[in-house]
Asker: 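What follows is a single structure, and I will ask about it in a moment.
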Amino acid sequence: MPPTLASVVRNSSLHLTVLAGADHLERPVRWVHTSELDDPTPFLEGGELLLTTGIKLGRTAAQLQAYVHRLADAGVVGLGLGVGLSHTEVPQPLVDAAAQRGLPLLRVPEPTPFIAISKVVSAALAAEQYEAVTTSFEAQEELTRAALGKDGTTAVVRRLAARLGGWAALYDGSGALSVVAPDWAARRAGRLAAEVDRLRRRPAPSSAALQGRSPGIDTADEDYVVVQSLGADRRARGFLAVGTEDRITPTERYVLNAAVALLTLTLERSRELRQAEERMGAALLRMVLAGEVATARQVAVGLFGGLPEGTIRVLVAGAGPSADAAEALAELADRAEQAGSRVGEKLLVAREEGAHGPRLMVLALDHGAVHRACLGVVEEHEGLSLGASAPAALEEAGTAHAQAERALAVALRGGRRSVDHEEVGAGSLLPLLGEDAVTAFAEGLLRPLREHDRTARGDLVASLRAWLSRHGQWDAAAADLGVHRHTLRYRMRRVEELLGRSLDDTDVRMELWLALRSGEE
């Protein structure tokens, strides 16, 4: 702790006397400054004990009062007046003004040099800094031993909470609470979900400080809370929150920074391990997709404890070839692994560079925790889409992969977040085709009919649509249009003339129907 006015006054070698502001002696002294100016405030920063002999102090009560006001407004914590030179005693109006503003006023006797006061405060400040450095080194050693121990990150969080005399909590990259200490703080840490989510959307490292009823803390607790994201490459791997009764001191800040560095290093090392495991998992996934399930099972037992058992789905996520897309897919992979780890659900993940940008393949249980996590990430990232296969057995993963790719193609072309294979199979052929290509084809094919309808009688486009929808049945189509069947026959002959194609040709009918439907999509 920094020295206070009380500790300075208690030093018997200084022989100081408190004349005013005795109730404010616990104020910390950040420095000692000597000045004979009537307005020294331009040279002050706040937190100083100001010493003066009063050479240029005014003699009137108004002047002395104005002088005290200037010092108090500048954040001076105390005023010491040396007697024996300009003043034989401290002027009473100065005492009254200091008492009015609550500014501690000290009488400095003539035998006490100002330099002696400065030395006392400087020695105390040096001792404080030494204690801070020593405590920081001790804490760093303690936290490092904890990080290298069996419990790893859990031990670091517990030691940090004990060092700060408060509580600490660790969240994973998705914002889920993973470790909290002491146990009673779980409820408080759980209330920070919104603040953690805000930090998750910002580049790491970043932090936020909250006090009491600040946004993000729905509680009457008056904890001072600091939330810090953990990550070395702009993407948060986790989050650390600490709560203390008072604002953390500079020494406690050193301790917190040491914990942040250790946890970040631990998470980054875990990430490297996960990346190695992901490369092995990607190789296994490709073996499964190639139909080598039996071999993949044998290999997976030693590496991952086995493959997913039960009904699975293959998920394929993709977006445009941008940096944001790559980061979004990386987050999707992390969140999928975290979701699987929390519930013990096995999965296989592989990244690849597709013809239209990066892709991520995930093989996981049908609508399990991993599947739900992937859907959640896709909803959060604009431009990211997910295609899901139909439920399948592991031995059918190759077919499921092809289904997921087709579903993703539909999602990307339609600007949708996710599409299941069941939607593709039950829907239209049109979403599977490029929108621009279909539009251009339809406009070119139907242009002669539309130009005719704008300038002449006989609604050829509507008549063609009705006739094709009735599979060439003249009476039914004529009834839909409200015209005689001979009128409809005339219109269809006119269609053939304008298009230069025969409506007896099945391929021509299919192309015309596709062109008409594209305008309805």
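Just so it is clear, the structure is predicted and the values come from calculations on it, not from any experiment. Numbering starts at 1 and runs along the sequence shown. Keep in mind that the numbers below use all heavy atoms, side chains included, and drop hydrogens, waters and symmetry copies.
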Asker: Looking only at atom types and distance, does a side-chain atom of Arg59 sit under 3.5 Å from a main-chain N or O of Leu64, one as donor and one as acceptor?
Answerer: no
Asker: Would you say the side-chain atoms of Ser206 pair up with the backbone N or O of Arg202, donor to acceptor, closer than 3.5 Å?
Answerer: no
Asker: Could you pull out the closest heavy-atom pair between Pro28 and Val77, with the gap in Å?
Answerer: O-CG1, 3.7 Å
Asker: Checking side-chain polar atoms at under 3.5 Å, does Glu36 have a donor or acceptor matched by the opposite partner on Thr53?
Answerer: yes
Asker: Could you tell me whether the side chains of Gln92 and Asp96 share a donor-acceptor contact shorter than 3.5 Å?
Answerer: yes
Asker: May I have all residue pairs that pass side chain to side chain donor-acceptor pair (under 3.5 Å) and include part of residues 18-32, sequence neighbours excluded?
Answerer: none
Asker: Between Pro91 and Leu81, is there a side-chain heavy-atom distance shorter than 4.5 Å?
Answerer: yes
Asker: Could you measure the distance from the CG atom of Leu105 to the CG atom of Leu71? Nearest 0.5 Å is fine.
Answerer: 10.5 Å
Asker: Do Thr52 and Thr34 come close enough that some side-chain heavy atom pair is under 4.5 Å?
Answerer: no
Asker: Hey, does the side chain of Gln338 reach the backbone of Ser174 with a donor-acceptor pair shorter than 3.5 angstrom?
Answerer: yes
Asker: Using distance alone, with no hydrogens and no angle criterion, decide if Arg286 and His401 have a side-chain donor and acceptor under 3.5 Å apart.
Answerer: no
Asker: Can you run down the side chain to side chain donor-acceptor pair (under 3.5 Å) pairs that involve residues 111-120, sequence neighbours left out, and say none if there aren't any?
Answerer: none
Asker: Looking at residues at least two apart in the chain, or sitting in another chain, which of them share a ring pair (Phe, Tyr, Trp, His ring centres under 6.0 Å) with His381?
Answerer: none
Asker: Can you tell me how far apart CE (Met361) and CG (Leu408) are? Round to the nearest 0.5 Å.
Answerer: 11.5 Å
Asker: Going by distance alone, is a donor N or O of one side chain under 3.5 Å from an acceptor N or O of the other, for Thr60 and Gln63?
Answerer: yes
Asker: With rounding to the nearest 0.5 angstrom, report the CG to CG distance, Leu94 to Leu19.
Answerer: 9.0 Å
Asker: Step by step, work out the salt bridge (charged side-chain N to carboxylate O under 4.0 Å, His left out) result for Arg163 and Glu142.
Answerer: CA-CA 10 Å; Arg163 277 280 180 176; Glu142 180 183 347; 3.0 Å; yes
Asker: Among side-chain atoms of Arg101 and His69, is any donor-acceptor pair under 3.5 angstrom?
Answerer: yes
Asker: Who are the salt bridge (charged side-chain N to carboxylate O under 4.0 Å, His left out) partners of Glu309, not counting sequence neighbours?
Answerer: Arg297
Asker: For Thr244 and Arg247, indicate whether the former's side chain and the latter's backbone hold a donor-acceptor pair under 3.5 Å.
Answerer: no
Asker: Would you give the length of the straight line joining atom CG of Leu37 to atom CG of Asp39, rounded to the nearest 0.5 angstrom?
Answerer: 8.0 Å
Asker: Before you tell me yes or no, could you show the steps for Leu16 and Val108 under side chain to side chain contact (heavy atoms under 4.5 Å, CB included), namely the whole-Å CA-CA distance, both residues' side-chain angles and the distance that decides it to 0.1 Å?
Answerer: CA-CA 5 Å; Leu16 302 176; Val108 183; 3.9 Å; yes
Asker: With sequence neighbours excluded, what pairs up with Asp197 under the salt bridge (charged side-chain N to carboxylate O under 4.0 Å, His left out) test?
Answerer: Arg200, Arg201
Asker: Any donor-acceptor pair under 3.5 Å linking the side chain of Arg417 with the backbone of Val378?
Answerer: yes
Asker: As an exercise, state the distance from CG of Asp223 to CG of Asp246, rounded to the nearest 0.5 Å.
Answerer: 10.0 Å
Asker: Who pairs with Arg335 by salt bridge (charged side-chain N to carboxylate O under 4.0 Å, His left out), at least two apart in sequence or on another chain?
Answerer: Glu331, Glu380
Asker: With side-chain contact (heavy atoms from CB on, under 4.5 Å) as the test, pick out the partner of Tyr171 among Val196, Leu230, Val227.
Answerer: Val196
Asker: Backbone N or O of Gly54 within a donor-acceptor pair of the His87 side chain at under 3.5 Å?
Answerer: yes
Asker: Roughly how far, to the nearest 0.5 Å, is the OG atom of Ser389 from the CG atom of Leu315?
Answerer: 7.0 Å
Asker: Using only atom types and a distance under 3.5 Å, with no angle test, would you say the side chain of Ser229 pairs donor to acceptor with the backbone of Pro205?
Answerer: no
Asker: Is a donor on one side and an acceptor on the other found under 3.5 Å between the side chain of Thr88 and the backbone of Gly84?
Answerer: no
Asker: Would you check, one step at a time, whether the test salt bridge (charged side-chain N to carboxylate O under 4.0 Å, His left out) holds for Asp366 with Arg313?
Answerer: CA-CA 5 Å; Asp366 178 27; Arg313 280 189 193 243; 2.5 Å; yes
Asker: Go through it in stages, so that I can follow the logic: the residues are Asp172 and Arg237, the test is salt bridge (charged side-chain N to carboxylate O under 4.0 Å, His left out), and I'd like the CA-CA distance, side-chain angles, deciding distance and then a yes or no.
Answerer: CA-CA 7 Å; Asp172 64 21; Arg237 309 290 178 187; over 6 Å; no
